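Counting convention: from 1, in listed order, for ligands and their atoms alike. Keep in mind the model is a prediction, meaning the values are calculated, not measured.
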Amino acid sequence: MDERIVRTCCFECHTKCGVLAHVRDGRLVKVEGDPDHPISKGVMCSKGLAATQILYHRDRLNYPLKRTRPKGDADPGWQRISWDEALDTIASKLLDIKSKYGAECVSFGQGTGRGTNQWYFRISSTFGSPNRANPSEQCLYPSITSSRMTAGKMLWWDLVDVENARCVVIWGSNRVWTEAGQTARLMSNIVDKGAKLIVIDPRFEHPLAHKADHWLPVRPGADGALALAWLNVILEEGLYDRRFVEKWTNAPYLVWVDENRLVTARDLAPDGDPKRFVVWDPLQQQAVPVDSGSEEAAPALFGSHEIAGRECRTVFQLLQELTANYSPAEAEKITWVPAQTIRDAARTYASHSPGSAIDMMQGVEGQHTNNTQTVRALEILLAITGNIDVEGGHYSARFWEEMEGGHLAGVMPREQAAKRLGRDQYRLAQAPSTVWWQAMITGEPYPIKAYVVVAGNPLSWAANSKEVRQALMSLEFLSVMDYFIGPTGQLADIVLPAAHWTERDFIADEFCRQWYFAQPRAVEPGFERWSDLKFYLELGKRIAPEGWPWKNVEEVLDYQLAPYGMKWEQLKAQHSMELEVPRYKKYEKEGFRTPSGKVEIYSHTLRSVGKEPLPAYVEPAISPISTPELAREYPLVLATGRRIPVYYHSSLRNVPWLRQLAPEPEVELNAQTARDLGIAAGAWVWIETPTGKIRMKAKPTNGIHPRVVSATHGWWQGCPELGLPGYPDDMSNANVLTDNKHCDPVTSGPGVRSQLCKIYKVEEPA
Ligand code: SF4
């Protein structure tokens, strides 16, 4: 008997936990956490531990298949084809569309991405399409875009130093459920070192809420008002880091009040530099270009001043005036969090700074129509409390610097990039997904004719599933690569079999902080399953050969590692490579990569594209305050997309070990509200919004506001082994409910976590 243990990483979600894979006679028999992994430290979640059931599942897609019946037929008439036929068909279709209509009429898409973001970027850039139809406006891009504007670099995700923080704020994030391997560092800090914990989440069912020093059950979508209330307390009570604010933010810069524009040296003198900003020198009592005031005097942080008869105020003064409208008492009316709780939590956060970290995720960013300014407000919180680039705060890591202009993603000619759909309205980020769906349906402003999807299920991830279905049905060509044939695959012309993470060679990089980890395959790929990277490579050779010059996957991985003088075989042998030891206060040497070289409380970038430069709070587009008429018919605030710890978005419901743990689509609502509506625990209920209605099972709880409900997402598959049904025809798909016509004006997120709904009993048997 041949037995061996392969040291690898799990890719069932973004976290990349270290894994010891036990293989007997070429067959995976067990996986367990790798205790020597520097991030996950032996932790794995049920999704990763179910690897054998996923790998050997009888319904896995094993060969490329093509449809032989028209779209819309219940049975697509799948016919097995070779990889060569599949690739030749896809390539000729894409090249034909490119030659007739332009490369921009092909869209590349993904959902979770299975870790191949850079290669996905590369296939679309080298082919020449700027239209990557993926859910990044709902996750990742709002925080990337916002932190680039504010601090010139990424500040979020795995760069939050929860391991060393003296105070951890969990704000719209639930990594214990979604990224279990990342929580090893957090939990050891809270449990062993006694770090303060603040949880901001509408649900007391959040696994950390009951451990928290403060729990703030914010109304979904009102997080921006709460952040401004914290800033109010911190400014009023002088709890900010004055030195950092003066020296490393643009707080002292002057702004023309009449134009809402930063004053520049050109405004002071005709030959002044228009890129040099201006502060108020309190000793000389005059405006001076930055760094040219009296040596003894720090620039004024607050105040209103006059230059040539025109009023200007400092950025910090304007921030204080903005936050003055959000005292804890005022914020309580908006956020539904008690004023004293707001004040106490803000004080705890500020008094443990520097060394306070905010772990923020999709509860805040990407899934509300006001998320950009909310994230900006949080970034300003980090900055003024001195929590950027410090131990226990937020720091930079090499991977994110690579992602933001590295050598893997490929380069698209400028004139092609400028054809991106929705670019006129969304200069800084991709347009909302409805723009692509409309381009598929109507051909306006130009058509999207083909869509190549890897590791994605837009019928589940995208808001307004009805529109998405119509769009996918309108395509000339759709290919989907995945483990199983899902609802999106069911509409495809060709489906392709993806290798499981235990069947592929890859490098774990994103969300690995400063590390690269080898992910060698534990077993040979079954049947004709390919890794996503192999697919991109072989398709790339056919549609953009100059961008894909490698013979095989190993050569691609060697290329990725070349800047570090490393080869794939070497990384595989040593398992990991630390790219860079975290260095704090890098800004002291390098500054910040923003127009001012400082953290921009007043965003020059936002102003330059006609958006609000300070983090003003705007109500969600649909809410009890912004649409009171609608709220009379739909009185409850609905947050969709609540994660289920044993599933990764819409995947894995057919895995018995996992389905046993979470068998039914659930919606949480307040126990008293349920009683008032005559709804018993476990009863089927209709959830209805102006966009659509679905059925879920009621889960009453005391741990949610009487006017808030929280629905899970991703339901479609059944699990015959357990006799548990699937949910066809969007019966329980949460995105049937969500509106996609109102989006964040900068980063385009839809309000899938801040809608209005009503709930009532299903009278007929479900
Ligand atoms: S958290 Fe779970 S699914 Fe994600 S990488 Fe770790 S074990 Fe895998």
Side-chain angles (χ1 to χ4, degrees), residues 5-22 28 30-55 57 111-117 139-140 157-158 160 162-163 170 173-188 206-208 359 361-362 399 455 457 482-484 498-513 515-523 531-532 575-576 643-662 713-714:
I5 296 175
V6 180
R7 197 170 177 212
T8 186
C9 297
C10 175
F11 264 76
E12 208 59 71
C13 83
H14 290 307
T15 311
K16 326 288 175 2
C17 295
V19 173
L20 301 177
H22 294 248
L28 185 73
K30 177 176 103 168
V31 295
E32 62 181 330
D34 175 359
D36 298 324
H37 190 276
I39 297 174
S40 57
K41 300 180 178 174
V43 172
M44 285 186 77
C45 77
S46 47
K47 299 184 283 288
L49 291 168
T52 51
Q53 283 209 337
I54 301 166
L55 173 63
H57 199 289
T112 68
R114 280 194 291 265
T116 54
N117 276 320
C139 85
L140 210 71
W157 305 86
D158 49 333
V160 183
V162 293
E163 194 167 10
I170 307 289
S173 166
N174 186 358
R175 290 183 197 241
V176 177
W177 280 9
T178 59
E179 297 187 348
Q182 291 275 357
T183 60
R185 352 182 245 129
L186 166 67
M187 295 312 287
S188 65
H206 187 292
L208 293 179
D359 184 26
M361 297 281 264
Q362 271 92 45
F399 170 72
N457 183 8
D482 220 324
Y483 293 168
F484 301 95
H500 186 246
W501 56 267
T502 53
E503 299 175 290
R504 68 178 195 179
D505 290 334
F506 201 61
I507 295 169
D509 45 20
E510 58 176 6
F511 304 100
C512 294
R513 305 169 81 205
W515 299 84
Y516 269 5
F517 298 103
Q519 191 207 29
R521 59 182 181 266
V523 294
S531 74
D532 303 321
H575 178 62
S576 63
R643 304 294 192 253
I644 307 169
V646 300
Y647 304 129
Y648 193 40
H649 298 296
S650 65
S651 65
L652 308 180
R653 293 213 178 25
N654 58 346
V655 178
W657 287 351
L658 303 179
R659 186 65 179 271
Q660 238 163 357
L661 297 169
H713 74 305

> Please could you name the atoms of ligand 1 that C45 approaches to less than 4.0 Å, counting only its heavy atoms?
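By the 4.0 Å cutoff, the relevant atoms are 1 (S), 2 (Fe), 3 (S), 7 (S).
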
> Looking only at protein heavy atoms, which one is nearest to atom 1 (S) of ligand 1, and how far off is it?
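I find the closest protein heavy atom is A180 N, 3.4 Å.
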
> Can you list the ligand 1 atoms lying under 4.0 Å from a non-hydrogen atom of K47?
3 (S)

> Could you check whether any side-chain N or O of H37 sits under 3.5 Å from a backbone N or O of S40, counting only pairs where one atom can act as donor and the other as acceptor?
yes

> What I want to check is whether the side chains of H500 and E12 have a donor and an acceptor closer together than 3.5 Å.
yes

> Have W501 and Q519 got a donor and an acceptor in their side chains that come within less than 3.5 Å?
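On atom types as modelled, these side chains do not qualify, holding no pair under 3.5 Å.
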
> Under a 4.0 Å N-O cut-off, is there an ion pair linking E163 with K41?
yes

> Taking only heavy atoms of C10 into account, list the atoms of ligand 1 that are under 4.0 Å away from them.
3 (S), 5 (S), 7 (S), 8 (Fe)

> So that I can check it, does any N, O or S atom in C17 come closer than 2.8 Å to atom 6 (Fe) of ligand 1?
yes

> Report yes or no: is the cationic atom of R521 (NZ for Lys, CZ for Arg) closer than 6.0 Å to the six-membered ring centre of F506, at no more than 45° off its axis?
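Judged by the rule (NZ or CZ under 6.0 Å from the ring centre, within 45° of its axis), R521 is not positioned above F506.
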
> Considering only protein heavy atoms, which is closest to atom 4 (Fe) of ligand 1, and at what distance to one decimal place?
C13 SG, 2.3 Å

> So which bit of Q182 gets within less than 4.0 Å of ligand 1, heavy atoms only: side chain, backbone, both or neither?
neither

> Within 45 degrees of the axis of the six-membered ring of F11 and under 6.0 Å from its centre: does K16 put its NZ or CZ there?
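Relative to the ring axis of F11, which defines the angle, K16 lies inside both limits.
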
